[in-house]
Amino acid sequence: MRLTRTSDLWWKNAVVYCLDVETYQDGNGDGIGDFAGLTQRIDHLVRLGVTCVWLMPFYPTRERDDGYDITDFYGVDPRLGTLGDFTEFVRTAKDRGIRVIADLVVNHTSEDHPWFKDARSSRDSAHRDWYVWADEPPEDGPKGVVFPDAEDSLWEYDEGSGQYYLHRFYKQQPDLNVANPAVRDEIARVMGFWTELGLSGFRVDAVPFLLETDGQDDAGNLPDPHEYLADLRAFLGRRNGESVLLGEVNLPYDGLARFFGDPASDRGDELTMCFDFVGMQQMYLSMAREDAGPGPPRAAACCAWRTWARRRTGWTAT
């Protein structure tokens, strides 16, 4: 592809640096990284050749899942600074030619989020249908526990309201009901809010789970979830035409392709990019084996990076 075309698609040639604000640079001496400290280290990233910073969750959280249990999608964790500090970081990064994207974690909330607190307060509460409830775990519901070392079910009984709620991850992270138009509108507002503050896109967490409708009473009558993903992409494009959606879709290639858009139309109107989990897993397996030849089935490659890391660095994953 010619340079004059790729220059219009900045993400084609971007050098992306992922960082956790909390562990990056302490700006006020309290022992915790923050946006003030990160801003003062921008020139270090410039010297590394970074052209895009990807921020891991920096929102208010109970810290029960490394920041992915969010209690406010419109705020900054007070330990990391303020909205003003965030905006100053984005402005300074852009001054150095660095774009900023951030994690969009809207498959679930923390159980301490005001929406869920209201939802569990009564079956008639305003936010009740913002989550997925059932009198009993449905037979045709989602399958497969993501964290079998910590959870034995995808459904948790709520004593207060007498129903089970769905949680694809930990039980303290109830899943949002993206089939609810009000939830869809709210997710768009969240994206619009951070776009107005200067973000150039989002890394979308757990995309297949976000679009899942298995086990919902009206699942058969719901529109294609991929239409919602296309709507989000269109919304983001209207707000900022250069913005991107980078998807976490850990599926084989034939399943992954669907998340870019309808293959029959070749529109590419859903996710802008996806992580290549298959390629990554095979690469780490090759390094662990010291053999670049074709690897075994995907399952054998899944955690080979740990073996390679231990061998090369002595590091042990926990």
Chemist: How long is the gap from CD on Glu196 to CG on Asn240, to the nearest 0.5 Å?
Modeler: 9.0 Å
Chemist: Verify whether the ring centers belonging to Trp54 and Phe275 lie closer than 6.0 Å.
Modeler: yes
Chemist: I want to check something: taking the side chain as every heavy atom from C-beta on, are Phe202 and Thr195 in contact at a cut-off of under 4.5 Å?
Modeler: yes
Chemist: List the steps and the verdict of side chain to side chain donor-acceptor pair (under 3.5 Å) for Ser161 and Arg128.
Modeler: CA-CA 10 Å; Ser161 58; Arg128 183 67 177 185; 3.0 Å; yes
Chemist: When you check the side-chain N and O atoms of Tyr131 and Asn180, is any donor under 3.5 Å from an acceptor?
Modeler: no
Chemist: Classify the angle between the aromatic ring planes of Phe147 and Tyr170 as parallel (below 30°), tilted (30 to 60°) or perpendicular (above 60°).
Modeler: parallel
Chemist: Is Leu55 close to Leu19 at the side-chain level, that is, under 4.5 Å between some pair of heavy atoms?
Modeler: yes
Chemist: With distance as the sole test, does Ser125 use its side chain to make a donor-acceptor pair with the main-chain N or O of Ser121 at under 3.5 Å?
Modeler: no
Chemist: Do Cys52 and Ile101 have side chains that approach each other closer than 4.5 Å (heavy atoms only, starting at C-beta)?
Modeler: yes
Chemist: Grab the two heavy atoms, one from Gln163 and one from Trp133, that are nearest each other, plus how far apart they are.
Modeler: OE1-CB, 3.6 Å
Chemist: Search all heavy atoms of Arg64 against all heavy atoms of Asp112 and return the closest pair with its distance.
Modeler: NH1-OD2, 4.4 Å
Chemist: Heavy atoms, side chains only, cut-off 4.5 Å: are Phe277 and Val249 in contact?
Modeler: no
Chemist: Quick one: CG on Asp77 to OG1 on Thr82, what's the gap to the nearest 0.5 Å?
Modeler: 12.0 Å
Chemist: Identify the heavy atoms of Phe260 and Leu271 that sit nearest to each other, and give their distance.
Modeler: CD2-O, 3.5 Å
Chemist: Within the 4.5 Å heavy-atom criterion, are Val90 and Arg99 side-chain neighbours or not?
Modeler: no
Chemist: Just checking, is any N or O donor in the side chain of Asp65 or Gln172 under 3.5 Å from an acceptor N or O on the other one?
Modeler: no
Chemist: Tell me if the aromatic rings of Phe209 and Phe169 count as close, with their centers under 6.0 Å from one another.
Modeler: yes
Chemist: Under the 6.0 Å and 45° cation-pi test, does Arg41 pair with Tyr24?
Modeler: no
Chemist: Just do the ring pair (Phe, Tyr, Trp, His ring centres under 6.0 Å) check on Phe86 and Trp194 with the steps written out, would you?
Modeler: CA-CA 10 Å; Phe86 168 85; Trp194 293 107; 5.0 Å; yes
Chemist: Which atom names give the shortest non-hydrogen contact between Leu210 and Val204, and what distance separates them?
Modeler: CD2-CG1, 4.2 Å
Chemist: If you count heavy atoms of other groups shown closer than 6.0 angstrom to CG of Asp43, is the number above 12?
Modeler: yes
Chemist: Would Val146 and Trp155 show up in the same hydrophobic cluster when neighbours are defined by side-chain heavy atoms closer than 4.5 Å?
Modeler: no
Chemist: Rounded to the nearest 0.5 Å, what's the gap from CZ on Arg168 to CG on Asn107? Could you check?
Modeler: 9.0 Å
Chemist: Looking at His113 and Asp72, what are the two nearest heavy atoms and their distance?
Modeler: CD2-N, 3.8 Å
Chemist: Determine the minimum heavy-atom distance between Ser110 and Arg62, stating which atoms define it.
Modeler: OG-CG, 4.2 Å
Chemist: Using ring centroids (six-membered ring only for Trp), state whether Phe259 and His226 fall under 6.0 Å.
Modeler: yes
Chemist: With a 4.5 Å heavy-atom cut-off, do Asp85 and Asp34 have their side chains touching?
Modeler: no
Chemist: Hydrogens and angles aside, do Thr92 and Asp95 bring a side-chain donor and acceptor to less than 3.5 Å of each other?
Modeler: no
Chemist: Does Arg79 have more than 12 heavy atoms from other residues, nucleotides or ligands lying within 6.0 Å of its CZ?
Modeler: yes
Chemist: Please confirm whether the ring centroid of Tyr165 lies under 6.0 Å from the ring centroid of Phe116.
Modeler: yes
